[in-house]
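For ligands, and for the atoms within them, numbers begin at 1 and follow the listed sequence. These numbers were taken from a predicted model, which means no experiment stands behind them.
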Amino acid sequence: MHHTPSTTKPPKVGFVSLGCPKALTDSELILTQLNAEGYETSKTFAGADLVIVNTCGFIDDAVKESLDAIGEALAENGRVIVTGCLGARTGSDGASNMVRQVHPKVLAVTGPHATQEVMDAVHLHAPKPHDPFVDLVPAGVSKIGIKLTPKHYAYLKISEGCNHRCTFCIIPSMRGDLVSRPVGDVLAEARALFESGVKELLVVSQDTSAYGVDVKYRTGFFDGRPVKTRMVDLCEQLAELAGPHGAWVRLHYVYPYPHVDEVLPLMAAGRVLPYLDVPFQHSHPEVLKRMKRPASGERNLERLLKWREACPELVIRSTFIAGFPGETESEFQHLLDFVREAQIDRAGCFAYSPVDGAAANLLPDAVPAELREERRARFMAVAEGVSVQRLRRRVGATMQVLVDRAPALGRKGGVGRSYADAPEIDGTVRLLPPEKASKTLKVGEFTRARIVSAEGHDLVGQPI
Ligand code: SF4
(Lines give C-alpha, C1' and ligand atoms only; values in the text may rest on other atoms or scores of the structure.)
Protein backbone atom coordinates (compact mmCIF):
# COMPACT_ATOMS: atom_id res chain seq x y z
CA MET A 1 0.00 0.00 0.00
CA HIS A 2 1.17 3.53 -0.69
CA HIS A 3 2.32 5.18 2.51
CA THR A 4 0.45 8.34 3.31
CA PRO A 5 1.78 10.24 6.29
CA SER A 6 -0.97 10.92 8.76
CA THR A 7 -2.15 14.51 8.91
CA THR A 8 -4.03 14.01 12.13
CA LYS A 9 -1.53 12.55 14.57
CA PRO A 10 2.00 13.96 14.48
CA PRO A 11 4.74 11.55 15.59
CA LYS A 12 6.00 12.03 19.12
CA VAL A 13 9.70 12.13 19.88
CA GLY A 14 11.07 11.61 23.38
CA PHE A 15 14.23 13.55 24.22
CA VAL A 16 16.98 13.13 26.81
CA SER A 17 19.67 15.82 26.95
CA LEU A 18 22.89 15.11 28.88
CA GLY A 19 26.18 16.93 29.07
CA CYS A 20 27.60 20.42 29.05
CA PRO A 21 26.09 23.74 27.91
CA LYS A 22 27.47 23.06 24.44
CA ALA A 23 25.55 19.79 24.24
CA LEU A 24 22.50 21.65 25.48
CA THR A 25 22.62 24.04 22.55
CA ASP A 26 22.86 21.03 20.20
CA SER A 27 19.71 19.66 21.86
CA GLU A 28 18.00 22.98 21.38
CA LEU A 29 18.83 23.01 17.67
CA ILE A 30 17.38 19.50 17.22
CA LEU A 31 14.25 20.29 19.23
CA THR A 32 13.74 23.48 17.27
CA GLN A 33 13.98 21.58 14.01
CA LEU A 34 11.59 18.84 15.22
CA ASN A 35 9.14 21.49 16.27
CA ALA A 36 9.44 23.40 12.98
CA GLU A 37 8.66 20.19 11.08
CA GLY A 38 5.56 19.50 13.15
CA TYR A 39 6.83 16.72 15.42
CA GLU A 40 5.58 16.63 18.96
CA THR A 41 8.07 16.10 21.75
CA SER A 42 7.40 14.14 24.88
CA LYS A 43 9.10 14.01 28.24
CA THR A 44 8.20 10.34 28.77
CA PHE A 45 9.57 7.39 26.83
CA ALA A 46 6.39 5.33 26.86
CA GLY A 47 4.14 7.43 24.62
CA ALA A 48 6.87 8.36 22.13
CA ASP A 49 7.35 6.93 18.63
CA LEU A 50 11.09 7.07 19.18
CA VAL A 51 13.59 8.57 21.63
CA ILE A 52 16.65 10.74 20.94
CA VAL A 53 19.43 10.62 23.54
CA ASN A 54 22.01 13.43 23.38
CA THR A 55 25.06 12.02 25.15
CA CYS A 56 28.24 13.25 26.79
CA GLY A 57 31.57 11.46 26.59
CA PHE A 58 33.87 13.76 28.53
CA ILE A 59 34.67 11.81 31.69
CA ASP A 60 34.02 8.21 32.65
CA ASP A 61 31.04 9.09 34.86
CA ALA A 62 29.40 10.93 31.99
CA VAL A 63 30.00 7.96 29.68
CA LYS A 64 28.30 5.67 32.18
CA GLU A 65 25.38 8.06 32.65
CA SER A 66 24.92 8.28 28.88
CA LEU A 67 25.10 4.52 28.33
CA ASP A 68 22.59 3.99 31.16
CA ALA A 69 20.19 6.54 29.65
CA ILE A 70 20.39 4.76 26.29
CA GLY A 71 19.73 1.41 28.01
CA GLU A 72 16.74 2.84 29.83
CA ALA A 73 15.29 4.32 26.64
CA LEU A 74 15.78 1.01 24.85
CA ALA A 75 14.06 -0.89 27.66
CA GLU A 76 11.10 1.46 27.89
CA ASN A 77 10.66 2.46 24.28
CA GLY A 78 12.90 0.30 22.12
CA ARG A 79 13.42 2.80 19.29
CA VAL A 80 16.43 4.99 20.06
CA ILE A 81 18.59 7.46 18.14
CA VAL A 82 21.87 8.44 19.81
CA THR A 83 23.71 11.71 19.17
CA GLY A 84 26.40 13.78 20.96
CA CYS A 85 29.99 13.35 22.04
CA LEU A 86 29.72 9.72 23.12
CA GLY A 87 28.34 8.86 19.68
CA ALA A 88 31.71 9.83 18.21
CA ARG A 89 33.74 7.47 20.42
CA THR A 90 35.22 4.27 19.06
CA GLY A 91 34.66 0.96 20.81
CA SER A 92 37.17 -0.96 22.93
CA ASP A 93 38.39 -2.82 19.81
CA GLY A 94 39.42 0.53 18.32
CA ALA A 95 37.38 -0.05 15.19
CA SER A 96 33.66 -0.20 15.93
CA ASN A 97 31.49 2.43 17.54
CA MET A 98 31.34 2.34 21.33
CA VAL A 99 27.59 3.00 21.59
CA ARG A 100 26.81 0.32 18.99
CA GLN A 101 29.11 -2.10 20.76
CA VAL A 102 27.26 -1.71 24.08
CA HIS A 103 23.77 -1.20 22.66
CA PRO A 104 23.61 -2.88 19.24
CA LYS A 105 19.83 -2.29 19.01
CA VAL A 106 19.99 1.52 18.61
CA LEU A 107 18.51 2.79 15.34
CA ALA A 108 21.21 5.35 14.54
CA VAL A 109 24.31 6.94 16.09
CA THR A 110 25.79 10.35 15.25
CA GLY A 111 28.49 12.52 16.80
CA PRO A 112 27.93 15.98 18.30
CA HIS A 113 26.64 18.96 16.33
CA ALA A 114 24.81 16.78 13.81
CA THR A 115 21.27 18.18 13.64
CA GLN A 116 20.86 17.20 9.99
CA GLU A 117 22.00 13.60 10.50
CA VAL A 118 19.71 13.24 13.49
CA MET A 119 16.81 14.66 11.48
CA ASP A 120 17.55 12.24 8.63
CA ALA A 121 17.37 9.34 11.08
CA VAL A 122 14.12 10.71 12.55
CA HIS A 123 12.60 11.05 9.05
CA LEU A 124 13.55 7.46 8.31
CA HIS A 125 12.17 5.93 11.49
CA ALA A 126 9.21 8.22 12.22
CA PRO A 127 8.26 9.86 8.93
CA LYS A 128 7.61 13.56 8.91
CA PRO A 129 4.01 14.61 9.45
CA HIS A 130 2.49 16.25 6.43
CA ASP A 131 1.18 19.64 7.32
CA PRO A 132 0.56 22.02 4.44
CA PHE A 133 1.25 25.01 6.66
CA VAL A 134 4.44 23.71 8.18
CA ASP A 135 5.73 22.58 4.79
CA LEU A 136 5.51 26.16 3.58
CA VAL A 137 7.59 27.50 6.41
CA PRO A 138 11.19 27.62 5.27
CA ALA A 139 13.64 25.66 7.37
CA GLY A 140 15.36 27.71 10.03
CA VAL A 141 12.57 30.26 10.17
CA SER A 142 12.82 30.47 13.92
CA LYS A 143 16.05 32.15 14.90
CA ILE A 144 15.51 31.56 18.59
CA GLY A 145 14.01 28.12 18.62
CA ILE A 146 13.48 26.08 21.69
CA LYS A 147 15.47 26.91 24.78
CA LEU A 148 16.07 24.35 27.49
CA THR A 149 17.30 26.95 29.95
CA PRO A 150 14.80 29.16 31.83
CA LYS A 151 13.65 31.93 29.56
CA HIS A 152 15.59 34.72 31.25
CA TYR A 153 19.02 33.32 30.53
CA ALA A 154 20.37 31.57 27.47
CA TYR A 155 23.64 30.14 26.20
CA LEU A 156 25.02 31.52 22.96
CA LYS A 157 27.43 29.14 21.29
CA ILE A 158 29.88 31.05 19.10
CA SER A 159 32.03 28.20 17.77
CA GLU A 160 32.46 24.45 17.66
CA GLY A 161 35.59 22.41 18.23
CA CYS A 162 39.05 23.42 19.38
CA ASN A 163 42.49 23.98 17.85
CA HIS A 164 44.35 23.04 21.03
CA ARG A 165 45.49 19.59 22.01
CA CYS A 166 45.54 19.63 25.79
CA THR A 167 46.95 16.29 26.78
CA PHE A 168 44.14 15.48 29.27
CA CYS A 169 41.31 16.28 26.85
CA ILE A 170 39.67 14.33 24.04
CA ILE A 171 37.23 17.02 22.95
CA PRO A 172 39.21 17.90 19.78
CA SER A 173 39.19 14.25 18.73
CA MET A 174 35.43 14.18 19.20
CA ARG A 175 34.49 17.62 17.93
CA GLY A 176 37.30 18.48 15.56
CA ASP A 177 39.15 21.75 15.02
CA LEU A 178 37.73 25.19 15.74
CA VAL A 179 34.90 26.30 13.47
CA SER A 180 33.61 29.79 14.27
CA ARG A 181 29.98 30.53 13.54
CA PRO A 182 29.52 33.49 11.18
CA VAL A 183 29.45 36.66 13.24
CA GLY A 184 26.24 37.85 11.55
CA ASP A 185 24.42 34.64 12.58
CA VAL A 186 25.69 34.86 16.14
CA LEU A 187 24.55 38.47 16.47
CA ALA A 188 21.17 37.77 14.87
CA GLU A 189 20.61 34.98 17.39
CA ALA A 190 21.66 37.26 20.26
CA ARG A 191 19.28 39.99 19.12
CA ALA A 192 16.39 37.51 18.82
CA LEU A 193 17.14 36.22 22.31
CA PHE A 194 17.15 39.69 23.86
CA GLU A 195 13.94 40.53 22.02
CA SER A 196 12.32 37.39 23.41
CA GLY A 197 13.05 38.50 26.98
CA VAL A 198 16.45 36.96 27.71
CA LYS A 199 18.14 39.04 30.42
CA GLU A 200 21.44 37.20 30.58
CA LEU A 201 23.39 35.87 27.65
CA LEU A 202 26.13 33.34 28.41
CA VAL A 203 28.71 33.21 25.64
CA VAL A 204 30.13 29.67 25.36
CA SER A 205 32.56 27.74 23.17
CA GLN A 206 35.67 25.61 23.81
CA ASP A 207 37.89 28.68 23.51
CA THR A 208 36.07 32.00 23.36
CA SER A 209 39.28 34.02 22.99
CA ALA A 210 40.05 32.13 19.76
CA TYR A 211 36.83 33.21 18.06
CA GLY A 212 37.52 33.87 14.39
CA VAL A 213 41.06 32.44 14.28
CA ASP A 214 39.89 29.77 11.79
CA VAL A 215 38.51 32.36 9.36
CA LYS A 216 41.41 34.78 9.87
CA TYR A 217 39.08 37.23 11.64
CA ARG A 218 37.10 37.62 8.42
CA THR A 219 34.79 40.61 8.17
CA GLY A 220 31.16 39.52 8.25
CA PHE A 221 27.99 41.54 8.13
CA PHE A 222 25.27 42.29 10.61
CA ASP A 223 22.42 44.63 9.70
CA GLY A 224 24.36 45.66 6.62
CA ARG A 225 27.33 46.78 8.70
CA PRO A 226 30.77 45.15 8.56
CA VAL A 227 31.79 43.34 11.76
CA LYS A 228 35.00 41.39 12.24
CA THR A 229 34.83 37.75 13.38
CA ARG A 230 36.89 38.57 16.46
CA MET A 231 36.26 38.29 20.18
CA VAL A 232 36.57 41.97 21.01
CA ASP A 233 34.38 43.07 18.11
CA LEU A 234 31.81 40.44 19.01
CA CYS A 235 31.73 41.61 22.64
CA GLU A 236 31.34 45.22 21.57
CA GLN A 237 28.36 44.31 19.35
CA LEU A 238 26.77 42.08 21.99
CA ALA A 239 27.04 44.93 24.50
CA GLU A 240 25.35 47.19 21.97
CA LEU A 241 22.47 44.74 21.54
CA ALA A 242 22.12 44.04 25.28
CA GLY A 243 22.10 47.72 26.29
CA PRO A 244 18.52 48.71 25.38
CA HIS A 245 17.19 45.60 27.16
CA GLY A 246 19.30 46.20 30.28
CA ALA A 247 20.54 42.63 29.78
CA TRP A 248 23.78 40.98 30.89
CA VAL A 249 26.50 39.50 28.69
CA ARG A 250 28.73 36.96 30.45
CA LEU A 251 31.88 35.40 28.95
CA HIS A 252 32.91 31.79 29.51
CA TYR A 253 36.06 29.82 28.53
CA VAL A 254 38.35 32.76 27.94
CA TYR A 255 42.09 32.06 27.86
CA PRO A 256 44.53 34.69 29.11
CA TYR A 257 45.82 35.87 25.75
CA PRO A 258 47.07 39.46 25.42
CA HIS A 259 44.16 40.49 23.18
CA VAL A 260 41.71 39.77 26.00
CA ASP A 261 43.05 43.00 27.55
CA GLU A 262 40.95 44.84 24.98
CA VAL A 263 37.71 43.48 26.48
CA LEU A 264 38.47 44.93 29.92
CA PRO A 265 37.40 48.51 29.06
CA LEU A 266 33.97 47.12 28.07
CA MET A 267 33.80 45.50 31.50
CA ALA A 268 34.98 48.59 33.34
CA ALA A 269 32.26 50.56 31.55
CA GLY A 270 29.65 48.01 32.69
CA ARG A 271 28.74 47.00 29.13
CA VAL A 272 29.89 43.39 29.47
CA LEU A 273 29.74 41.79 32.94
CA PRO A 274 33.06 42.15 34.77
CA TYR A 275 33.25 38.37 35.06
CA LEU A 276 35.67 36.06 33.32
CA ASP A 277 35.58 32.29 33.34
CA VAL A 278 39.23 31.40 32.66
CA PRO A 279 39.97 27.68 32.88
CA PHE A 280 43.58 27.96 34.09
CA GLN A 281 43.90 24.27 35.12
CA HIS A 282 47.30 24.98 36.70
CA SER A 283 49.80 27.76 37.35
CA HIS A 284 53.22 26.12 37.12
CA PRO A 285 54.79 26.64 33.68
CA GLU A 286 56.17 23.09 33.55
CA VAL A 287 52.82 21.50 34.38
CA LEU A 288 51.09 23.77 31.87
CA LYS A 289 53.62 22.66 29.27
CA ARG A 290 52.96 19.00 30.01
CA MET A 291 49.27 19.76 29.75
CA LYS A 292 49.92 21.57 26.43
CA ARG A 293 47.62 24.32 27.64
CA PRO A 294 46.74 27.31 25.46
CA ALA A 295 48.52 30.48 26.61
CA SER A 296 50.87 28.35 28.73
CA GLY A 297 53.75 30.71 27.92
CA GLU A 298 51.84 33.75 29.16
CA ARG A 299 52.54 35.41 32.48
CA ASN A 300 49.14 34.58 33.86
CA LEU A 301 49.49 36.17 37.27
CA GLU A 302 50.78 39.47 35.88
CA ARG A 303 48.07 39.55 33.26
CA LEU A 304 45.41 38.92 35.86
CA LEU A 305 46.65 41.64 38.16
CA LYS A 306 46.66 44.03 35.21
CA TRP A 307 43.07 43.08 34.43
CA ARG A 308 42.09 43.74 38.02
CA GLU A 309 43.74 47.14 37.81
CA ALA A 310 41.82 47.98 34.64
CA CYS A 311 38.58 46.77 36.19
CA PRO A 312 38.57 46.46 39.98
CA GLU A 313 35.12 44.83 39.97
CA LEU A 314 36.39 41.89 37.95
CA VAL A 315 35.39 38.45 39.21
CA ILE A 316 37.47 35.48 38.07
CA ARG A 317 36.16 31.96 38.03
CA SER A 318 38.40 29.09 37.10
CA THR A 319 38.89 25.35 37.19
CA PHE A 320 42.06 23.48 38.12
CA ILE A 321 43.46 19.98 38.04
CA ALA A 322 45.38 18.59 41.03
CA GLY A 323 47.74 15.64 40.69
CA PHE A 324 48.42 15.86 36.95
CA PRO A 325 51.07 13.28 35.91
CA GLY A 326 54.50 14.38 37.11
CA GLU A 327 53.18 17.09 39.46
CA THR A 328 55.72 17.54 42.25
CA GLU A 329 54.92 18.87 45.70
CA SER A 330 56.62 22.16 44.83
CA GLU A 331 54.66 22.49 41.60
CA PHE A 332 51.51 21.92 43.59
CA GLN A 333 52.60 24.56 46.12
CA HIS A 334 53.03 26.95 43.19
CA LEU A 335 49.38 26.35 42.37
CA LEU A 336 48.27 27.09 45.95
CA ASP A 337 50.28 30.32 45.93
CA PHE A 338 48.74 31.29 42.62
CA VAL A 339 45.19 30.91 43.91
CA ARG A 340 46.04 33.09 46.91
CA GLU A 341 47.90 35.76 44.94
CA ALA A 342 45.52 35.86 42.00
CA GLN A 343 42.61 35.97 44.46
CA ILE A 344 40.52 33.63 42.34
CA ASP A 345 36.94 34.39 43.32
CA ARG A 346 35.45 31.04 42.38
CA ALA A 347 37.50 27.92 41.84
CA GLY A 348 36.61 24.35 41.03
CA CYS A 349 39.14 21.54 41.18
CA PHE A 350 39.28 18.00 39.85
CA ALA A 351 41.70 15.38 41.01
CA TYR A 352 43.37 14.31 37.76
CA SER A 353 41.53 11.38 36.25
CA PRO A 354 42.77 9.64 33.13
CA VAL A 355 40.27 9.87 30.28
CA ASP A 356 40.26 7.00 27.79
CA GLY A 357 42.23 8.04 24.72
CA ALA A 358 43.92 11.12 26.27
CA ALA A 359 47.62 11.65 25.57
CA ALA A 360 48.34 12.47 29.24
CA ASN A 361 47.83 8.79 30.11
CA LEU A 362 51.21 8.09 28.51
CA LEU A 363 53.10 10.69 30.58
CA PRO A 364 55.58 9.33 33.14
CA ASP A 365 55.36 9.72 36.93
CA ALA A 366 51.64 9.34 37.46
CA VAL A 367 50.59 10.69 40.86
CA PRO A 368 48.99 7.96 43.02
CA ALA A 369 45.22 8.25 43.30
CA GLU A 370 45.17 8.99 47.06
CA LEU A 371 47.70 11.79 46.66
CA ARG A 372 45.68 13.33 43.80
CA GLU A 373 42.61 13.27 46.02
CA GLU A 374 44.55 14.70 48.96
CA ARG A 375 45.90 17.56 46.84
CA ARG A 376 42.43 18.29 45.54
CA ALA A 377 41.16 18.60 49.11
CA ARG A 378 44.09 20.84 50.11
CA PHE A 379 43.50 22.98 47.04
CA MET A 380 39.81 23.38 47.81
CA ALA A 381 40.52 24.38 51.40
CA VAL A 382 42.79 27.21 50.20
CA ALA A 383 40.46 28.23 47.36
CA GLU A 384 37.44 28.31 49.63
CA GLY A 385 39.31 30.48 52.10
CA VAL A 386 40.02 33.02 49.34
CA SER A 387 36.49 32.81 48.02
CA VAL A 388 34.78 33.27 51.37
CA GLN A 389 37.02 36.20 52.23
CA ARG A 390 36.20 37.91 48.93
CA LEU A 391 32.48 37.30 49.40
CA ARG A 392 32.52 38.79 52.89
CA ARG A 393 33.81 42.06 51.48
CA ARG A 394 30.49 42.48 49.72
CA VAL A 395 28.50 42.72 52.94
CA GLY A 396 27.03 46.21 53.11
CA ALA A 397 27.22 46.77 49.36
CA THR A 398 24.22 47.17 47.09
CA MET A 399 24.15 44.80 44.15
CA GLN A 400 21.96 44.25 41.15
CA VAL A 401 20.42 40.78 41.31
CA LEU A 402 18.70 38.79 38.58
CA VAL A 403 15.84 36.83 40.15
CA ASP A 404 15.84 33.08 39.37
CA ARG A 405 13.18 31.98 41.84
CA ALA A 406 10.45 33.92 43.62
CA PRO A 407 7.37 31.96 44.70
CA ALA A 408 4.30 34.07 45.48
CA LEU A 409 5.90 37.17 43.90
CA GLY A 410 8.71 36.95 46.40
CA ARG A 411 6.58 37.65 49.48
CA LYS A 412 8.64 35.01 51.29
CA GLY A 413 11.83 36.00 49.50
CA GLY A 414 13.55 34.26 46.62
CA VAL A 415 16.85 33.36 45.00
CA GLY A 416 18.85 35.32 42.46
CA ARG A 417 22.36 35.95 41.22
CA SER A 418 24.62 38.99 40.97
CA TYR A 419 27.13 39.65 38.18
CA ALA A 420 29.57 37.52 40.19
CA ASP A 421 27.48 34.34 39.85
CA ALA A 422 27.02 32.37 36.66
CA PRO A 423 24.01 30.03 36.74
CA GLU A 424 24.59 26.45 37.84
CA ILE A 425 28.31 26.78 38.58
CA ASP A 426 28.65 29.65 41.07
CA GLY A 427 26.82 30.73 44.21
CA THR A 428 23.56 32.64 44.55
CA VAL A 429 22.11 35.60 46.38
CA ARG A 430 19.38 34.48 48.76
CA LEU A 431 16.80 37.25 48.81
CA LEU A 432 14.96 38.07 52.02
CA PRO A 433 11.28 39.02 51.89
CA PRO A 434 11.05 42.67 50.79
CA GLU A 435 10.48 45.09 53.65
CA LYS A 436 8.03 47.20 51.71
CA ALA A 437 4.73 45.39 51.06
CA SER A 438 4.48 47.01 47.63
CA LYS A 439 7.80 45.52 46.46
CA THR A 440 7.51 42.26 44.54
CA LEU A 441 10.12 39.94 43.04
CA LYS A 442 9.59 38.38 39.64
CA VAL A 443 11.58 35.63 37.96
CA GLY A 444 13.65 37.05 35.13
CA GLU A 445 13.61 40.60 36.47
CA PHE A 446 16.32 42.55 38.22
CA THR A 447 16.12 43.86 41.73
CA ARG A 448 18.61 45.81 43.79
CA ALA A 449 19.59 44.22 47.06
CA ARG A 450 21.62 45.32 50.05
CA ILE A 451 23.95 42.49 51.01
CA VAL A 452 23.45 41.67 54.68
CA SER A 453 25.60 38.58 55.12
CA ALA A 454 27.66 35.86 53.44
CA GLU A 455 26.89 32.17 53.90
CA GLY A 456 29.44 29.78 52.43
CA HIS A 457 29.45 30.37 48.66
CA ASP A 458 26.30 32.47 48.78
CA LEU A 459 25.24 35.92 49.84
CA VAL A 460 22.08 37.03 51.59
CA GLY A 461 20.47 40.23 50.36
CA GLN A 462 17.63 42.51 51.37
CA PRO A 463 15.73 43.64 48.26
CA ILE A 464 15.37 47.43 48.14
S1 SF4 B 1 41.33 24.03 25.12
FE2 SF4 B 1 42.20 22.07 25.74
S3 SF4 B 1 40.76 21.37 27.34
FE4 SF4 B 1 39.69 22.91 26.16
S5 SF4 B 1 38.62 21.78 24.55
FE6 SF4 B 1 40.56 22.47 23.69
S7 SF4 B 1 41.91 20.72 24.00
FE8 SF4 B 1 40.17 20.42 25.38
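In this structure, a donor-acceptor pair under 3.5 Å is present between the side chains of Ser209 and Asp207.
Under 4.0 angstrom from ligand 1, there are no non-hydrogen atoms of Pro279.
Using a cut-off of 4.0 Å between Lys/Arg side-chain N and Asp/Glu carboxylate O, Glu327 and Arg372 are scored as not salt-bridged.
For residue Cys162, no N/O/S atom approaches atom 8 (Fe) of ligand 1 to within less than 2.8 Å.
In plain terms, the two heavy atoms of Ala420 and Arg394 that are nearest each other are CB-NH2, 4.2 Å. Minimum heavy-atom separation, Gly456 to Leu391: O-CD1, 3.3 Å. Contact record, Glu341 with Leu305: O-CD2, 4.2 Å, taken as the closest heavy-atom pair.
Remark: among candidates Arg293, Lys292, Arg175, the nearest residue to atom 3 (S) of ligand 1 is Arg293, based on non-hydrogen atoms.
In this structure, atom 2 (Fe) of ligand 1 lies nearest to the protein heavy atom Cys166 SG, 2.3 Å. The protein non-hydrogen atom at the shortest distance from atom 8 (Fe) of ligand 1 is Cys169 SG, 2.3 Å.
Heavy-atom contacts of Gln206 reach the following atoms of ligand 1: 5 (S) (cutoff under 4.0 Å).
Assignment of Tyr255 to the shell around ligand 1 is supported, since a heavy atom sits closer than 4.0 Å.
In this structure, Arg293 is not positioned above the aromatic face of Phe280 in the sense of NZ or CZ being under 6.0 Å from the six-membered ring centre and within 45° of the axis.
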